[in-house]
Amino acid sequence: MPELPEVETYVRELAPILHGRQVTGAQLLWPRTIAAPSAPEFAHQIVGERFAAFGRRGKYMLLGFESGVTLMVHLRMTGHLLVEATPAPIARHTHVVLDLDDGSRLLYQDSRKFGRLWLVPDAEPVLRGLGPEPLSGDFTVAGLAAKVAGRTARVKALLLDQSIVAGVGNIYADEALFRARLHPTRAGGDLSITELADLHQAIRDVLVDGIARFGSSLGRSGLQNYVRPGGERGGFQEEHRVFRRTGEPCLLCGTPIERIVLAQRSTHFCPNCQK
DNA sequence: ATAAGGCCCTGACCGC
DNA sequence: TGCGGTCAGGGCCTTA
């Protein structure tokens, strides 16, 4: 599932392809994909816009146009954004088609239809409520401590809360907790400052490592929740130490990795290493 | 204010 | 082979 490293990879790889391209047409095959403005307004307003700026905030892709408006994309579970150099028949699960001025097309595909697109003059209202960007200086141990102080919710649930820290999802939450040697059911407010410092560092480390490997491409078999814009798989799944390794030996101590359900999310951990 | 549960969706997978 | 049921899960909404 696309989390911060996957979205970052998308932005980095789409930027050189899209920069300077102008949108010449728009088709909305599943209008509910558009979160704002209304679907007809979106289709009308985006035509003529020229891509000029590329960014990311949490799991939101921010594709800025010369005019100042921003196309925001949240892939949620199974969203894909890809550029097709030479138009082919519209593939299944394609919900948005943007024709570009060089004859290529930007496609939004999403089998589960959870992902959303916005076209907004200002991204800030959509992003309001997001916690600090974990790889920036805004994310501090003191800030993390303040956010979890007094919280009885489990630390795993708090890591999934985008107002605590932006961009962490189920994969990187489990991997960060393993690296910090913290049991996922620990109450957030019970963590010592030392444990929070370890967790803070682990979150940063796991995200940096994920970006370096172009994200995690999962798929119980053929289904790929995430592939890079050009279709290649990421490589970080090969470095997962706990995520979807249920029953396999812990890489540190050999104890079988356990799976439990927390906050409606599967959670993987080493019962020996994580206290 | 916080915590927990439902909902949106559909492909994959399982048991019969 | 076909069919129905279950699972996965990010963010938003409702409920307690």
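Here is how names work: the chains are called A, B, and so on, in the same order as the sequence lines, proteins then strands, and each is numbered from 1.
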Next item on the list: Please state how far atom OH in A:Tyr172 lies from atom C1' in C:dG9, giving the value in whole angstrom units.
Entry: 16 Å

Next item on the list: Taking the six-membered ring of A:Phe243 (Phe, Tyr or Trp), confirm whether the NZ or CZ of A:Arg241 is under 6.0 Å from its centre and within 45° of its axis.
Entry: no

Note to self: Quiz question: going by heavy-atom distance under 3.5 Å, is there a donor-acceptor pair between the base of C:dG9 and the side chain of A:Arg76?
What the structure shows: no

Check: Does A:Arg265 or A:Arg151 map to a spot on DNA chain B nearer the 5' end, using the closest nucleotide for each?
Finding: A:Arg151

Item checked: Under 3.5 Å side-chain donor-acceptor pair for A:Asp174 and A:Tyr172 -> no

Margin query: In this structure, how many angstroms lie between the P atom of C:dG10 and the OH atom of A:Tyr226, rounded?
Written below: 16 Å

Check: For C:dG9, does either OP1 or OP2 sit under 4.0 Å from a side-chain N or O belonging to A:Thr78?
Finding: no

Item checked: Interatomic distance, A:Glu6 CD vs C:dG10 P [rounded to whole Å] -> 11 Å

Margin query: If the cut-off is 4.0 Å, is A:Thr152 near the phosphate of B:dA3, judged by side-chain N/O to OP1 or OP2?
Written below: yes

Next item on the list: Would you kindly check whether a donor in the side chain of A:Arg112 faces an acceptor in the base of C:dA8, or vice versa, at under 3.5 angstrom?
Entry: yes

Check: From the list C:dA8, C:dG9, C:dG10, which nucleotide is the closest neighbour of the side chain of A:Phe243?
Finding: C:dG9

Check: Among C:dG11, B:dG11, B:dT2, which nucleotide sits nearest the side chain of A:His93?
Finding: B:dG11

Notebook entry, point to check: How many Å lie between CZ on A:Arg92 and P on B:dT10, as a whole number?
Noted result: 9 Å

Next item on the list: Answer yes or no on whether A:Arg21 is positioned over the face of A:Phe51, meaning its NZ or CZ is under 6.0 Å from the six-membered ring centre and within 45° of the axis.
Entry: no

Next item on the list: Please state whether the phosphate of C:dG10, meaning OP1 or OP2, lies under 4.0 angstrom from any side-chain nitrogen or oxygen of A:Gln162.
Entry: no

Next item on the list: Would you kindly give the CD1-to-C1' distance between A:Ile164 and B:dA1, to the nearest whole Å?
Entry: 13 Å

Check: A:Arg244 CZ to C:dC7 P: how many Å, rounded?
Finding: 15 Å

Next item on the list: Identify whether a stacking contact exists between A:Phe114 and C:dG11, where the ring centres must be under 5.5 Å apart and the planes under 30° apart.
Entry: no

Checklist line | NZ/NE/NH1/NH2 to OD/OE distance under 4.0 Å, A:Glu6 and A:Lys59 | finding: no

Notebook entry, point to check: So which nucleotide from C:dG11, B:dG11, C:dG10 ends up closest to the side chain of A:Ser111?
Noted result: B:dG11

Next item on the list: Tell me which nucleotide among C:dG9, C:dG11, B:dA3 gets nearest to the side chain of A:Lys59.
Entry: C:dG11

Check: What is the distance, rounded to the nearest whole Å, between atom CZ of A:Arg154 and atom C1' of B:dT2?
Finding: 14 Å

Check: Which part of the nucleic acid, if any, lies within reach of A:Arg116 when heavy atoms closer than 4.0 Å are counted: base, sugar-phosphate only, or nothing?
Finding: nothing

Checklist line | Whole-Å gap separating P (C:dC12) and CG (A:Asp161) | finding: 11 Å

Check: Do A:Glu195 and A:Arg181 sit within salt-bridge range, that is, some charged N less than 4.0 Å from a carboxylate O?
Finding: no

Check: Within the structure shown, what part of the strands sits under 4.0 Å from A:Glu3 by heavy-atom distance: base, sugar-phosphate, or nothing?
Finding: nothing

Note to self: Can you confirm whether or not the ring centre of A:Phe139 sits under 6.0 Å from the ring centre of A:His200?
What the structure shows: yes

Next item on the list: Please determine, for the side chain of A:Ala153, which listed nucleotide (C:dG11, B:dA3, B:dG5) has the closest atom?
Entry: B:dA3

